[in-house]
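Take a look at the structure below.
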Amino acid sequence: MTTVGLLYPGHSAEDDYPRIGFLLDSDIRLPVFHTDIGEDAHREDALVEMGAADRLAAGVEELRLAGAESVVWACTSGSFVRGRDGARRQVRELARAAGLPASSTSFAFVHAAEALGVSRVAVAATYPGDVTVFFEKFLESAGVEVVAARASGIITAAEVGTWERERVLELAAAGDDPRAEAVLLPDTALHTAAHLRELEETLGKPVLTANQVTVWEGLRLAGRRAWADGLGALFARPGRAPEGGRTPRSGAAPE
């Protein structure tokens, strides 16, 4: 049994995790603890407060009791808004509080891109423009080139959580760029798990989404490799061509 603990702010698209778990091996568990979201706003001050150490630490005991072997702060904007150094400090504090290997969705995107051998990406974000720029800078500080970025201007996670299939597909298509080797959808409030196969078939390239990479990152930290049909190139079995046409270099747990 491999158990990845997820700290998720508020309630929006956390039902993506049981869906992902269903598609993965039956001995993988993904318990979710909901942290206090504070003010639901894609705004720098609110996002910094959302990811405060005390808010994240509040959930670690429950995840330890659930048998978690790793923990991931399942929030992208609440980590990258601090910049790369600030996001590193956030993860170190979480690891100390939990006594477990820890990461966040922002770092999950970087590590997932590395695993796929992707260096040029397009960003299709639900966020306002200024928040999207924070994500671009975070990626570029990690050596991932952002060749195009689209911001949708949505302020609250609650609104993003209501988006259905058609809007998700439209967002990804609008954010794509022919120079990009992959398209990134960074909001964990966005339901994407049910659409990964269609997204990659439509765009003809890997698509990395927040809840998908969050689970992958937790498995990577736990030293567990896992493959699944329907979860995109990131979870494609080695040697098997995924929907997006690119096979991960090292499965779900690269060194």
Side-chain angles (χ1 to χ4, degrees), residues 4-10 12-14 16-17 32-60 63 68 70-98 100-114 121 123-128 130-144 146 149 151 154-157 160-161 184-190 192 208-221:
V4 173
L6 303 171
L7 293 173
Y8 188 90
S12 294
E14 68 272 23
D16 262 9
Y17 297 115
V32 176
F33 179 87
H34 296 273
T35 64
D36 179 11
I37 196 171
E39 182 183 0
D40 182 10
H42 287 140
R43 196 181 65 241
E44 181 180 0
D45 60 334
L47 293 170
V48 169
E49 179 57 31
M50 184 195 304
D54 57 342
R55 291 178 186 266
L56 273 57
V60 298
L63 293 180
S70 62
V71 58
V72 184
W73 166 225
C75 182
T76 324
S77 56
S79 48
F80 69 66
V81 74
R82 295 167 175 262
R84 196 162 184 228
D85 289 343
R88 280 201 188 106
R89 286 193 296 273
Q90 183 185 59
V91 166
R92 285 197 298 267
E93 290 169 352
L94 177 57
R96 281 197 295 268
L100 296 167
S103 189
S104 67
T105 305
S106 294
F107 287 113
F109 273 109
V110 172
H111 297 152
E114 290 173 350
V121 304
V123 171
T126 56
Y127 312 132
D130 59 337
V131 175
T132 302
V133 169
F134 278 112
F135 187 48
E136 293 177 65
K137 290 180 177 178
F138 182 91
L139 293 171
E140 289 171 349
S141 72
V144 180
V146 179
I154 306 301
I155 298 298
T156 68
V160 173
L184 278 53
L185 278 64
D187 198 340
T188 58
L190 187 67
T192 59
L208 298 176
T209 72
N211 293 324
Q212 169 212 37
V213 301
T214 295
V215 172
W216 179 89
E217 179 79 340
L219 292 170
R220 184 187 74 83
L221 290 175

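This one's a predicted model, so the numbers in the text were calculated from it and none came from an experiment.
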Pairwise side-chain contact, Met50 with Cys75, heavy-atom cut-off 4.5 Å (strictly under): yes
Residues Val4, Ser70; criterion side chain to side chain contact (heavy atoms under 4.5 Å, CB included); working and verdict: CA-CA 5 Å; Val4 173; Ser70 62; 3.9 Å; yes
Pairwise distance CG(Leu221) to CG(Leu219) - rounded to 0.5 angstrom: 9.0 Å
Which atom of Ala98 lies closest to which atom of Val71, heavy atoms considered: CB-CG1, 4.0 Å
Donor-acceptor contact below 3.5 Å, side chain Gln90 vs main chain Gly51: yes
OG on Ser12 to CG on Leu190, rounded to 0.5 Å: 10.0 Å
Spatial distance of atom CD (Glu93) from atom CH2 (Trp73) [nearest 0.5 Å]: 13.0 Å
Test side chain to side chain donor-acceptor pair (under 3.5 Å) applied to Ser103 - qualifying residues, sequence neighbours left out: Glu217
Over all atoms of both residues, closest heavy-atom pair of Pro186 and Leu184: CD-O, 3.5 Å
Under the side chain to side chain donor-acceptor pair (under 3.5 Å) test, residues paired with Thr209 that sit two or more places apart: Thr192
Minimum-distance pair of heavy atoms, taken over all atoms of Ala87 and Ser79: CB-O, 3.6 Å
Test side chain to side chain contact (heavy atoms under 4.5 Å, CB included) applied to Val131 and Val81, step by step: CA-CA 7 Å; Val131 175; Val81 74; 5.9 Å; no
Intermediate values then yes/no, side chain to side chain contact (heavy atoms under 4.5 Å, CB included), Val123 and Leu139: CA-CA 10 Å; Val123 171; Leu139 293 171; 3.9 Å; yes
Spatial distance of atom CG (Leu7) from atom CG (Leu94) [nearest 0.5 Å]: 6.0 Å
Where Ala102 and Val91 come nearest, the two heavy atoms and their spacing: O-CG1, 3.1 Å
Partner set under ring pair (Phe, Tyr, Trp, His ring centres under 6.0 Å) for Tyr127, not counting sequence neighbours: His42, Phe80
Shortest non-hydrogen contact from Ala189 toward Ala13: O-CB, 3.4 Å
Derivation and outcome, side chain to side chain contact (heavy atoms under 4.5 Å, CB included), residues Arg82 and Phe138: CA-CA 9 Å; Arg82 295 167 175 262; Phe138 182 91; over 6 Å; no
Sequence neighbours excluded, every pair satisfying side chain to side chain donor-acceptor pair (under 3.5 Å) that has a member inside residues 48-60: Asp36-Arg55, Glu49-Arg55
Residues forming a side chain to side chain donor-acceptor pair (under 3.5 Å) with Asn211, sequence neighbours excluded: Asp16, Tyr17
Non-neighbouring partners of Ala41 that pass side chain to side chain contact (heavy atoms under 4.5 Å, CB included), sequence neighbours left out: Glu39, Arg43, Ala46, Ile155
Contacts of type side chain to side chain contact (heavy atoms under 4.5 Å, CB included), residue Arg88, not counting sequence neighbours: Arg84, Asp85, Arg92, Phe107
Qualifying residues under side chain to side chain donor-acceptor pair (under 3.5 Å), relative to Glu14, sequence neighbours excluded: His11
Those residues that, when tested against Thr105, pass side chain to side chain contact (heavy atoms under 4.5 Å, CB included) (two or more places apart): Ala74, Thr76, Phe109, Thr188, Ala210, Val213, Thr214
Where Leu208 and Ala113 come nearest, the two heavy atoms and their spacing: CD1-N, 4.0 Å
